[in-house]
Amino acid sequence: MDIPAYAPQELEATVQQRWQHAQTFKASAAPSGEKFYALAMFPYPSGQLHMGHVRNYSIADAIARYQRMLGKEVLQPMGWDAFGLPAENAALKNGVAPAQWTLENIAHMRGQLQRLGLSYDWSREFATCTPDYYRWEQWLFVKLWEKGLVYQKLSTVNWDPVDQTVLANEQVVDGCGWRSGAPVERREIVQYFLRITAYADELLQGLDTLSDGWPEQVLTMQRNWIGRSEGAEIHFPLAAGDGVIKVFTTRPDTLMGATYLAVAPEHPLAQQAAGQNAELAHFLERCRHGSVSEASIETQEKEGHPLGIYVKHPLSGAKLPVWAANFVLIGYGEGAVMSVPAHDQRDFEFARKYDLPIRAVISAEGLPLDTTAMSEAYTGPGRLVNSGSFDGLPSDTAKSLITAALAEKGLGQKTVNYRLRDWGISRQRYWGTPIPMIHCEHCGIVPVPEQDLPVVLPTHYQLKDPRSPLLDDPEFLNVACPVCHAPARRETDTMDTFVESSWYYARFACPDAAHMLDQRAIDWLPVDQYVGGVEHAVLHLLYARFFNRLLRDTGLLPADGIHDEPFKRLLTQGMVLKDGSKMSKSKGNTVDPQGLIDRYGADTARLFILFAAPPEQHLEWSDSAVEGAHRFLSRIWRLVHEYGPDHQAIPSEISPEARDLRRAVHQCIDRVSRNMDGRYHFNVAIAAIMELTNALMKVTADAPADLRAILGEGLRAITLLISPFAPHIAEVLWTQLGQNGEISKTSWPEADPEALRSDTITLVIQVNGKLRERMDFPADADNASIEKAVLSAPAMQRHLEGKTIRKCIVVPGRLVNLVLG
RNA sequence: GCCCAGGUGGCGAAAUAGGUAGACGCAAGGGACUUAAAAUCCCUCGGCUUAUGCCGUGCCGGUUCGAGUCCGGCCCUGGGCACCA
């Protein structure tokens with residue numbers, strides 16, 4: 001028999017054309033039956049598809065295809081997260097305009113994605129850098145400004161004094177600008193903020209509703225990021241003059257142990273004190289250097305300097321010095337902390353370094369502590385000592401009593417504090433959504449009126465330096481004030497690109513809507529399964545949850561409880577690693593998937609990447625294992641072609657051998673199905689299909705009719721089961737097996753419980769927990785008869801000889817453990 | 001520094017809910033077919049040890065008839081830390 005060679009290149013092209021003609025994956029405007037919205041995080045058009053993309057989209061597509069075969073109406077869209085820093089960097093390096101660079105990359109990557117045969121509804125594709133998309137972001141921005149959910153305040157950025165530009169944290173290397181090499185300075189500028197803190201409690205509580213569909217790890221990270229903590233706000237009155245320094249603490253019980261206050265270098269009091277204190281001014285100046293990133297601040301050597309200012313302890317009245325310290329963050333809480341060296345490790349080290357007093361007020365046993373002998377802070381709970389009338393109280397009681405005492409004096413109260421800070425969305429960059437505001441000398445800051453939207457970003461610039469070209473373009477800058485019509489100036493800051501990725505999932509449901517969203521978004525949302533990298537566990541996924549609530553509270557989504565959260569289920573995919581670290585351009589360890597696809601085809605690439613590891617785990621790249629995936633597909637190809645389109649009915653009476661094979665077929669269907677939903681362990685599902693294939697290969701051409709018929713049943717099952725992973729070959733084999741229609745729209749097979757049933761089971765016999773024998777039993781044997789049979793079995797006698805039986809544990813269906821003494 | 005993960009053969013991994021450690025695949029070795037090669041098919045494949053034996057899931061300890069799985073304490077690797085996306 002002549003079997004055509006498995007030639008994936010032509011085969012995949014043909015199948016893809018068929019799908020395109022039949023519009024197989026086009027989603028309806030509004031789902032009429034049960035809907036399933038599958039979404040993978042859309043890519044930044046960096047130029048080349050990388051392995052992380054292939055993995056991300058293969059996972060999401062396997063899920064989408066499975067759900068489609070379950071009979072649901074599936075929406076799976078694709079688009080482009082098209083604004084961002086790399087386009088500007090490329091523009092500077094290659095002299096190509098960011099818009100052009102971005103659009104060329106999209107064209108190339110679209111081709112690469114299409115080559116993978118993912119079941120997208122391409123009619124919904126959009127890029128976020130088009131005015132049709134970002135105009136609605138501008139529209140919403142103005143709405144939020146009017147509601148007070150957007151506001152301006154000072155905040156700190158990395159300033160490159162040579163390039164005269166703001167740097168992203170990534171662009172600061174060892175405290176210096178990556179292009180100029182100059183030490184960066186911290187600079188305070190006025191920026192726009194989204195009031196995410198107003199939603200802190202709702203975002204926190206919403207996590208509880210996600211516990212079924214989101215990984216516990218991500219929920220924990222978001223909880224910690226929001227960082228709700230109960231404690232007290234405490235006011236320390238200045239010793240000289242009016243005013244107080246406010247601090248937040250979760251440990252008001254340690255208040256009597258506070259021996260100094262520490263404020264951020266940017267704190268107004270520190271800045272003020274530096275006026276008369278050259279040494280302090282010098283210290284604050286040194287603190288201005290280095291990146292603003294929390295990681296760099298938290299890992300630097302802890303340093304401080306006294307302000308020469310004192311406060312009064314709110315309860316004892318004792319005079320405490322105020323220090324400036326480089327580890328206190330101005331953006332967190334009040335930018336000041338009370339320091340209790342005896343009970344906080346960082347305060348302890350700081351106090352030892354600068355010889356500040358240490359006063360122990362909590363001890364586990366309630367006995368006074370010798371602070372000179374302490375080698376580290378005692379941070380646990382205990383009973384109060386050295387705390388006057390509070391002595392002897394346990395920490396918990398002391399917390400509320402001390403807070404009450406403060407409240408009585410008007411110097412504090414119980415407070416809830418969040419680690420979460422408002423979302424700064426201003427970027428001093430060109431390639432982003434223009435912020436729709438106008439600066440007028442007379443009217444101040446004025447939003448662009450709705451009829452003047454969108455504020456279109458000019459796309460023709462050739463960048464000469466990192467400075468935004470908008471700053472030098474009179475055509476963009478000059479505008480009449482919408483209120484008084486006097487000459488005014490446009491805002492040149494653009495929005496954080498996280499804004500675009502915070503609502504794209506909703507726009508995919510109605511990409512041509514005449515407004516930001518329409519009814520179709522309500523019908524398709526929430527996303528039933530979202531798939532993307534773990535690295536987005538907090539920022540993107542928290543911003544999108546926040547933004548979804550903004551859409552709801554603007555009336556674009558209903559407040560019906562169903563639309564609060566954007567993503568019902570989340571799968572966080574592990575990274576693709578090479579030589580132990582993340583594949584990335586900057587590390588130069590990327591493997592281009594294009595070569596893989598050219599050589600073996602999309603089906604092999606997809607099958608390999610899903611087989612190599614479970615989706616949530618990191619995947620260590622290896623070239624050789626790809627061969628195995630390709631071999632497997634070739635094997636199925638041959639098997640199906642050898643069998644052909646013969647339809648043989650399974651006889652009603654079949655041999656025990658045939659019954660075993662049929663059980664294997666249905667066990668495979670069962671195992672694959674259970675791994676397609678919930679756990680998504682595609683590697684195990686594929687292994688099960690391989691195992692069945694191995695079993696089916698043993699059925700020869702001259703085998704009895706019952707075995708041949710079951711071989712046919714098995715081959716149909718394998719083709720269906722493999723189709724979410726290797727859809728092209730599955731379509732062709734489906735036809736080869738004499739089946740009609742597209743396999744992509746065929747029903748998923750169901751395991752027959754009758755075929756799964758087995759008459760006998762094999763139990764493992766352990767002695768003192770160690771495997772010794774195996775014995776067969778009828779499937780319905782009860783524990784007592786099993787125990788009896790084990791003890792009387794000839795093979796067991798040598799294990800039992802001279803021993804007494806202390807215990808016999810029978811685990812139904814699994815094992816028997818004899819405990820002998 | 002803080003938060004979250006992960007660590008099982010030469011390698012990627014598997015092990016529903018505490019019950020046979022290593023399914024499936026890669027690599028390697030041996031064989032069949034072939035003039036030869038490729039392809040394909042078959043066999044072996046954790047370690048010690050000439051086993052019906054012992055040891056073995058990062059390290060140390062604990063709970064249990066039984067621990068990769070649960071508990072306590074470490075070590076190492078990775079991700080995130082608010083302007084990379």
Side-chain angles (χ1 to χ4, degrees), chain A residues 41 43-44 46 81 84-86 89 157-158 166-172 215-218 220-221 223-225 227 292-300 302 327 331 346 419-429 496-498 501 533-540 542-543 572 574-575 577 580-582 584 586 608 611-614 616-629 631-632 634-635 638 674 679 681 683-684 686-691 694 697 762-766 768-774 795 798-799 806-809 811 813-820:
Chain A
M41 291 180 184
Y44 177 80
S46 56
D81 188 14
L85 195 54
N89 294 334
V157 294
N158 303 305
V166 174
L167 297 178
N169 284 335
E170 192 193 47
Q171 296 173 307
V172 179
E216 196 51 48
Q217 161 199 12
V218 176
T220 306
M221 279 193 266
R223 274 188 197 108
N224 292 338
W225 185 266
V292 298
S293 83
E294 190 176 314
S296 66
I297 291 168
E298 290 281 340
T299 51
Q300 70 190 343
K302 313 271 177 290
F327 54 84
R346 190 170 63 183
R419 206 187 75 95
L420 183 69
R421 311 198 290 258
D422 277 338
W423 176 11
I425 56 164
S426 298
R427 296 293 179 269
Q428 295 68 46
R429 298 247 170 71
D496 181 1
T497 57
F498 272 125
S501 55
V534 240
E535 64 272 24
H536 297 290
V538 177
L539 289 177
H540 161 62
L542 186 64
Y543 290 147
T572 47
M575 274 164 309
L577 308 176
S581 68
K582 181 181 176 176
S584 72
S586 57
F608 159 71
F611 180 59
E616 70 280 3
Q617 226 167 92
H618 296 328
L619 190 158
E620 180 72 36
W621 180 259
S622 127
D623 296 301
S624 57
V626 178
E627 290 276 359
R631 256 201 296 268
F632 171 63
S634 310
R635 199 171 291 156
R638 273 198 314 277
R674 277 187 288 115
R679 260 161 45 108
H681 280 196
N683 57 329
V684 183
I686 294 165
I689 301 171
M690 288 174 167
E691 224 173 328
N694 291 341
M697 288 208 324
T762 304
L763 293 189
V764 158
I765 315 300
Q766 294 182 338
N768 291 333
K770 289 195 170 128
L771 173 73
R772 285 295 180 262
E773 305 289 337
R774 281 165 216 274
R798 61 192 184 83
H799 301 295
R806 296 194 194 280
K807 221 172 186 181
C808 176
I809 294 148
V811 184
R814 293 213 175 258
L815 54 73
V816 177
N817 188 17
L818 294 174
V819 186
L820 303 181

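So that the names make sense, note that chain A is the first sequence line, chain B the second, and so on, each numbered from 1. Note that this is a predicted model, so its numbers are computed, not measured.
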Check: What does nucleotides 64-70 of chain B look like as a protein-contact string, B for base, S for sugar-phosphate only, - for none, at under 4.0 angstrom between heavy atoms?
Finding: -B-----

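Among A13(B), C83(B), C41(B), the nucleotide with an atom closest to any side-chain atom of Gln428(A) is C83(B). Nearest nucleotide to the Gln217(A) side chain, out of A5(B), U20(B), C84(B): A5(B). Side chain of Val684(A), nearest nucleotide from A27(B), A14(B), C55(B): A14(B). Residue Leu539(A) has its side chain nearest to A85(B) when only G19(B), A85(B), C4(B) are considered. Between C83(B), C24(B), A14(B), one nucleotide has an atom nearer to the side chain of Ala687(A) than all others, and that is C24(B).
Computed from coordinates, the Ile297(A) CD1 to C81(B) C1' distance equals 11 Å when rounded to whole Å. Atom CZ in Arg798(A) sits about 6 Å away from atom P in G53(B), given to the nearest Å. The CZ-P distance, from Arg429(A) to C84(B), rounds to 7 Å in whole Å. To the nearest angstrom, C1' of A82(B) lies 16 Å from CD of Glu535(A). Rounded to whole Å, the distance from CZ on Arg419(A) to P on C2(B) is 13 Å. The CZ atom of Arg635(A) sits 7 Å away from the P atom of C26(B) (whole-angstrom rounding). The separation between Glu773(A) atom CD and G53(B) atom P is 9 Å, rounded to whole Å. Summarising the geometry, the separation between CD on Glu627(A) and C1' on U40(B) is reported as 14 Å, rounded to the nearest angstrom.
Put simply, Arg679(A) has a side-chain N or O that comes within less than 4.0 Å of OP1 or OP2 on A15(B). Proximity of Thr497(A) to the phosphate of A85(B): a side-chain N or O atom is located under 4.0 Å from OP1 or OP2. Regarding contacts with the backbone of U20(B), every side-chain N or O of Arg772(A) stays at 4.0 angstrom or more from both OP1 and OP2. At G25(B), one or more side-chain N or O atoms of Asn694(A) fall inside 4.0 Å of OP1 or OP2 (strictly under the cut-off).
Nucleic acid contact class of Val811(A) (heavy atoms, under 4.0 Å, all strands): base. No contact: Trp423(A) has no heavy atom under 4.0 Å from any strand. Counting any heavy atom pair closer than 4.0 Å across all strands shown, Val166(A) reaches a base atom. Nucleic acid contact for Ser426(A): base, since at least one base atom lies under 4.0 Å from a heavy atom of the residue.
Applying the side chain to side chain contact (heavy atoms under 4.5 Å, CB included) test to Glu294(A) and every residue at least two apart in sequence or in another chain returns Glu298(A), Leu329(A), Arg419(A), Arg421(A). With sequence neighbours excluded, the residues forming a side chain to side chain contact (heavy atoms under 4.5 Å, CB included) with Pro614(A) are Glu616(A), Gln617(A), His681(A), Asn683(A), listed by chain and number. Taking Arg429(A) as the reference, nothing meets the side-chain hydrogen bond (donor to acceptor under 3.5 Å, both in side chains) condition, with sequence neighbours excluded.
With hydrogens and angles disregarded, no donor-acceptor distance shorter than 3.5 Å links the side chain of Asp81(A) to the backbone of Ser501(A). A donor-acceptor contact shorter than 3.5 Å is absent between the side chain of Asn817(A) and the backbone of Ile809(A). Of the possible donor and acceptor atoms, none in the side chain of His618(A) sits under 3.5 Å from a partner among the backbone N and O of Gly574(A).
The 5' end of RNA chain B is approached more closely, in terms of each residue's nearest nucleotide, by Glu216(A) than by the other of Ala629(A) and Glu216(A).
One P atom belongs to G53(B), the other to A37(B), and the distance between them is 43 Å to the nearest Å. Nucleotides G56(B) and G46(B) have their C1' atoms positioned 8 Å apart, rounded to a whole Å. Comparing C24(B) with G30(B), their C1' atoms sit 22 Å apart, to the nearest whole Å. Comparing G12(B) with C60(B), their P atoms sit 22 Å apart, to the nearest whole Å. Taking atom P in both G68(B) and G18(B), the straight-line distance is 13 Å, to the nearest Å. With C1' as the reference atom, C75(B) and C65(B) are 32 Å apart, rounded to whole Å. Distance noted for atom C1' between U69(B) and G79(B): 24 Å (whole Å). Rounded to whole Å, the separation between the C1' atoms of A14(B) and U20(B) comes to 14 Å.
Glycosidic conformation of G9(B) is syn; the angle stays within 90° of 0.
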Just the table, please: protein N/O against nucleotides 10-12 of chain B N/O, every pair under 3.5 Å.
| from | atom 1 | to | atom 2 | distance (Å) |
| --- | --- | --- | --- | --- |
| G12(B) | O2' | Ala612(A) | O | 2.5 |

Next item on the list: Dot-bracket for RNA chain B, please, read 5' to 3', with Watson-Crick or G-U wobble pairs under 3.5 Å on both distances, ( ) within the strand, [ ] crossing, | other strand, . unpaired.
Entry: (((((((..(((......[....))).(((((.......))))).(((....)))..(((((..]....))))))))))))....

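A side chain to side chain donor-acceptor pair (under 3.5 Å) with His799(A) is found for exactly one of Glu773(A), Lys770(A), Gln766(A), namely Glu773(A).
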